[in-house]
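Computed from heavy atoms alone, side chains included, the values below leave out hydrogens, waters and symmetry copies. All figures in this text were calculated on a predicted structure; none of them were measured in a lab. A, B, ... follow the sequence lines: proteins, then strands. Residue 1 opens every chain.
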2 protein chains.
Amino acid sequence: MEANGTGIDGIKRYLMKEGINPSYQRLKIFEYLQNHRVHPTVDIIYNDLCKHIPTLSKTTIYNTLNLFEQRDIIKSLSIEKNELRYECDLRPHAHFKCKSCGNIFDIWQEFPRMIQQTVDGHRVTEQQLYLKGVCKNCSQDL
Amino acid sequence: MEANGTGIDGIKRYLMKEGINPSYQRLKIFEYLQNHRVHPTVDIIYNDLCKHIPTLSKTTIYNTLNLFEQRDIIKSLSIEKNELRYECDLRPHAHFKCKSCGNIFDIWQEFPRMIQQTVDGHRVTEQQLYLKGVCKNCSQDL
DNA sequence: GTATCTGCAAAACATTTGCAATTCT
DNA sequence: AGAATTGCAAATGTTTTGCAGATAC
């Protein structure tokens, strides 16, 4: 299930349906993820949002993202060492990270469907496919 | 290419062939990775190795693993947030992390071959497939 | 008025860096 | 001796925790 409806009101309904109290900060953080599909870090979210919410703290962003992830309305990516990135698109897809410009792209084609319910006898519930290389923009710059 | 030959001498030849000065610490760290295929963290390697090499420091382990990775004789895994794990098996395979016991298993079957040279126009040079769930040992304990 | 939420400051970790001491040849 | 390596201490960067004040119903 994903957030739908228009703007803040749709997000508010979505959070309430998921049992999450829709505080101002939580609404704005979720809205930010909806409008910025570049898989931002906490730092990026903070630096952008605190322009409009001067009292915002990073602690609140950490708390909120952890809450959202526990409630399965966002996902975190550990595609790069030592930094977490976030997205609110829950549909299964892969990610490509350009080693030149650092951008992360969603990859919808060729994503292998959940291999099996079980692999080697282990029950699989999540999968992440991370691709790395040089993106098309950086390739033509060379 | 992988390390072969017997024990320390094989590793020494391998490092030298790769242009890496085979110091005692480097030999022992590579040997540790060869003998402990559980994808250990720096901390695990340190705690085990410093029993036999009391003067060993974590800095040396970080330096050495970074050197090995730059020279492409080991790989790092960021399957879990905020911690890197290491392995010396360079053959393409996937990884399964059990959310119950925390163990990481190599998955050799069903690993999708490098999808394409390019995806969405981006040139792919690396891929990692991370699976998560409950391993067979933990499943039967329930 | 009571629960919850926020945000500051400090703590907790993982990793990197600067540099002096050590080792190897 | 000279070059490379090691390891201590300090710095860096990210995330978590404790708690007091603010907010919401």
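- In this entry C:dA3 has no Watson-Crick or G-U wobble partner, no candidate having both defining distances under 3.5 Å.
- Rounded to a whole Å, the NZ atom of A:Lys28 is 17 Å from the C1' atom of C:dT6.
- Whole-Å rounding puts the A:Ile61 CD1 to C:dC8 C1' distance at 14 Å.
- The distance from atom CD of A:Gln25 to atom P of C:dC8 is 11 Å, rounded to the nearest whole Å.
- When side chains are defined from C-beta on, B:His95 counts as touching B:Gln128, because their heavy atoms get closer than 4.5 Å.
- Ring orientation note: the planes of B:Phe105 and B:Phe96 are tilted relative to one another, at an angle of 30° to 60°.
- Electrostatic pairing of A:Glu126 and A:Lys75 does not count as a salt bridge here, judged by no charged N lying under 4.0 Å from a carboxylate O.
- Listed pair A:Asn21 / C:dC5 meets the phosphate criterion, a side-chain N or O lying under 4.0 Å from OP1 or OP2.
- For the pair B:Lys12 NZ and C:dC24 C1', the interatomic distance rounds to 12 Å; values are reported in whole Å.
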Practice prompt. Treat primed atoms plus P, OP1 and OP2 as sugar-phosphate and everything else as base, then score nucleotides 15-21 of chain C 5' to 3': B for base contact with protein heavy atoms under 4.0 Å, S for sugar-phosphate contact only, - for none.
Written response: BBB----
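- The residue A:Thr60 sits close to a base: some heavy atom pair falls under 4.0 Å.
- Partners of B:Thr64 according to the side-chain contact (heavy atoms from CB on, under 4.5 Å) rule, which considers only residues two or more places apart in sequence or in another chain, are B:Arg26, B:Ile29, B:Thr60, B:Phe68.
- A donor atom on one side chain and an acceptor atom on the other are not found under 3.5 Å apart for B:Thr41 and B:Glu83.
- Pairing for D:dT23 is absent, with no Watson-Crick or G-U wobble pair whose two atom distances lie under 3.5 Å.
- In this structure, B:Arg26 places its CZ atom 12 Å from C1' of C:dT23, rounding to the nearest Å.
- Smallest separation of non-hydrogen atoms from A:Asn66 and A:Tyr86: OD1-OH, 4.3 Å.
- In C:dA3 the O4'-C1'-N dihedral to the base is within 90° of 0, which defines a syn nucleotide.
- In the 5' to 3' direction, nucleotides of DNA chain D lying under 4.0 Å from heavy atoms of chain B begin and end at D:dA4 to D:dT15.
- A salt bridge links A:Arg37 and A:Asp89; the closest N-O separation between the charged side-chain nitrogens and carboxylate oxygens is under 4.0 Å.
- Between A:Arg85 and A:Glu87 no salt bridge is recorded (no basic side-chain N to carboxylate O distance below 4.0 Å).
- Protein atom NZ of B:Lys81 is 16 Å distant from nucleotide atom C1' of C:dC13, rounded to whole Å.
- Minimum interatomic distance between A:Asp106 and B:Asp120 (heavy atoms only, all atoms of both residues): O-OD2, 4.0 Å.
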